[in-house]
2 protein chains.
Amino acid sequence: MEIDIEERKKVAAFANALSNPVRVEILYFLANRKDCYFGDIKKDLPLCKATVSQHLKELKKVGLIQGEIEGPKTKYCINIAKWNEARQLFDDFFSGYTGGCSCNCRKGK
Amino acid sequence: MEIDIEERKKVAAFANALSNPVRVEILYFLANRKDCYFGDIKKDLPLCKATVSQHLKELKKVGLIQGEIEGPKTKYCINIAKWNEARQLFDDFFSGYTGGCSCNCRKGK
DNA sequence: CATATTGTTTGCATTATTACGAACAATATG
DNA sequence: CATATTGTTCGTAATAATGCAAACAATATG
């Protein structure tokens, strides 16, 4: 699929969310858990709660996760619609290579 | 495919390279061009040459592109091996969602 | 109702990113 | 050889990102 300028900006925005190892860990954690409270996420990371909260906020901002208050706790999870949107965008972006460059690069795999 | 901690760090590193709209544009440009000199790339962007050079340097650092000096000019192109590696990594990462979260999120698409 | 538990928000400090102009290097050209 | 062309590197300024501790807020519990 072709990718336009707006979509390329979205690629950059999603990539920005994924550009920090902590946030990648959080997403990986959420993608493989049934229950995902803030405390569980925090326990998994060597960071203070404020920092964890901040990373979660950023992931929420791009929509990759969503939080749900449950009593005094907060339950987080992947927003599957956005997750799939990001997945598709990256796939489209990387599919866009037409291999036309005439540099003397190593070709093929 | 399963993805381990080292691969997740690579996801973050590649994502970091893609986290800037200018760099995404550069990659898109290179992925769709036969000849790709520095001057062509610069012409495509509203930035001074120093800044463009800096972004190219960063993309080279993660290996997504490579430069080749040709007389007084420099020819840049996608490093297809790294390109495919990144593509695979993102695909593996996004494939890792097991959908187990019990939040009251909208399910499905 | 006082206190504990769970997270978020605020206020910093530190470091990284982005951009620019100027200086520099290397090749080409008159 | 002097000068133009093409990029890179350096120095610097402005802004963004990261992390922590402390202050807050909201719910739960004795």
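Within every chain, numbering begins at 1; the chains are lettered A, B, ... in the order of the sequence lines, protein sequences first and strands thereafter. Just so you know, these numbers come straight off a predicted model, no measurement behind them.
No donor-acceptor pair under 3.5 Å is formed between the side chain of Ser53(A) and the backbone N or O of Lys49(A). Under the 3.5 Å distance criterion, the side-chain polar atoms of Ser19(B) are left unmatched by any main-chain donor or acceptor of Ala13(A).
Remark: DNA chain C takes part in the stems C:1-30 with D:1-30, each of 3 or more antiparallel Watson-Crick or G-U pairs, criterion distances under 3.5 Å.
Atom CD1 of Ile5(A) has more than 12 heavy atoms from other residues, nucleotides or ligands within 6.0 Å.
At a threshold of 4.0 angstrom between heavy atoms, the contacts of Ile69(B) with the nucleic acid are absent. Thr51(B) comes within contact range of at least one nucleobase, with a heavy-atom separation under 4.0 Å. Using a 4.0 Å heavy-atom cutoff across all strands shown, Lys73(A) reaches sugar-phosphate atoms only and no base atom.
At whole-Å resolution of the value, CG in Asn16(A) and C1' in dT18(C) are 13 Å apart. Whole-Å rounding puts the Gln54(B) CD to dT17(C) C1' distance at 8 Å. One can place CD of Glu25(B) at 17 Å from C1' of dT18(C), the figure rounded to the nearest angstrom. Note: CD1 (Ile65(A)) to P (dG7(C)) measures 13 Å, nearest angstrom. The CD-C1' distance, from Glu68(A) to dG7(C), rounds to 15 Å in whole Å. Between the OH atom of Tyr37(A) and the P atom of dG7(C) there is a distance of 9 Å, given to the nearest Å. The distance between atom NZ of Lys61(A) and atom P of dT8(C), rounded to the nearest whole Å, is 16 Å.
Proximity of Ser53(A) to the phosphate of dT8(C): a side-chain N or O atom is located under 4.0 Å from OP1 or OP2.
Each of Pro46(A) and Lys49(A) was matched to the nucleotide of DNA chain D holding its nearest heavy atom; the match closer to the 5' end belongs to Pro46(A). Mapping Ser19(A) and Ala50(A) onto DNA chain D by nearest heavy atom places Ser19(A) closer to the 5' end of the strand.
Between Glu85(B) and Lys82(B), at least one side-chain nitrogen of the basic residue sits less than 4.0 Å from a carboxylate oxygen of the acidic one, meeting the salt-bridge criterion. Under the 4.0 Å criterion applied to side-chain N and carboxylate O atoms, Lys10(B) and Glu7(B) are not assigned as salt-bridge partners.
Donor-acceptor pairing under 3.5 Å is recorded for the side chains of Asp92(A) and Gln88(A).
Within the 4.5 Å cutoff, the side chain of Phe93(B) has heavy atoms near those of the Leu27(A) side chain.
Rounding to the nearest 0.5 angstrom, the gap separating the CG atom in Leu18(B) from the CG atom in Leu59(B) is 8.0 Å.
Just one of Phe94(B), Trp83(B), Tyr28(B) meets the ring pair (Phe, Tyr, Trp, His ring centres under 6.0 Å) condition when paired with Phe94(A); it is Trp83(B).
In the 5' to 3' direction, nucleotides of DNA chain D lying under 4.0 Å from heavy atoms of chain A begin and end at dT18(D) to dA28(D).
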